[in-house]
Amino acid sequence: MPDSGPGAHPTGVGGDGRTVTPAQGARVGDPSDAPVPALRRTTRTAVAKPY
């Protein structure tokens, strides 16, 4: 959209052999500010503790 603000929406996917777990992060601002390290930690946690 021309009038929308810039943002980043990185997606992570992890699996443990039985289950595939998606995770998505978002941040408004410049794409270089994407929360990649935080999304990596979140994805690892989601795969390790899915319930």
Side-chain angles (χ1 to χ4, degrees):
M1 304 287 298
D3 295 328
S4 66
H9 301 277
T11 302
V13 178
D16 68 354
R18 299 174 300 153
T19 305
V20 175
T21 305
Q24 184 175 13
R27 177 170 290 176
V28 175
D30 189 79
S32 65
D33 294 331
V36 174
L39 182 64
R40 285 183 181 153
R41 287 189 304 271
T42 299
T43 303
R44 285 186 194 122
T45 300
V47 169
K49 302 175 185 180
Y51 305 101

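Source: prediction; values computed, not measured. Counting begins at 1 with the first residue of the sequence.
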Supply the members, apart from V13, of the Ile/Leu/Val/Met/Phe/Trp/Tyr cluster built from side-chain contacts under 4.5 Å; use none for a lone residue. V20
Closest heavy-atom pair and its distance - G25, L39: N-CD1, 3.7 Å
If a pair satisfies side chain to side chain donor-acceptor pair (under 3.5 Å) and one of its residues is in residues 6-18, list it, with sequence neighbours excluded. D16-R18
Residue pairs, two or more places apart or on separate chains, that pass salt bridge (Lys or Arg N to Asp or Glu O under 4.0 Å) and touch residues 38-47: none
Smallest separation among heavy atoms of G12 and T43, with atom names: CA-OG1, 4.0 Å
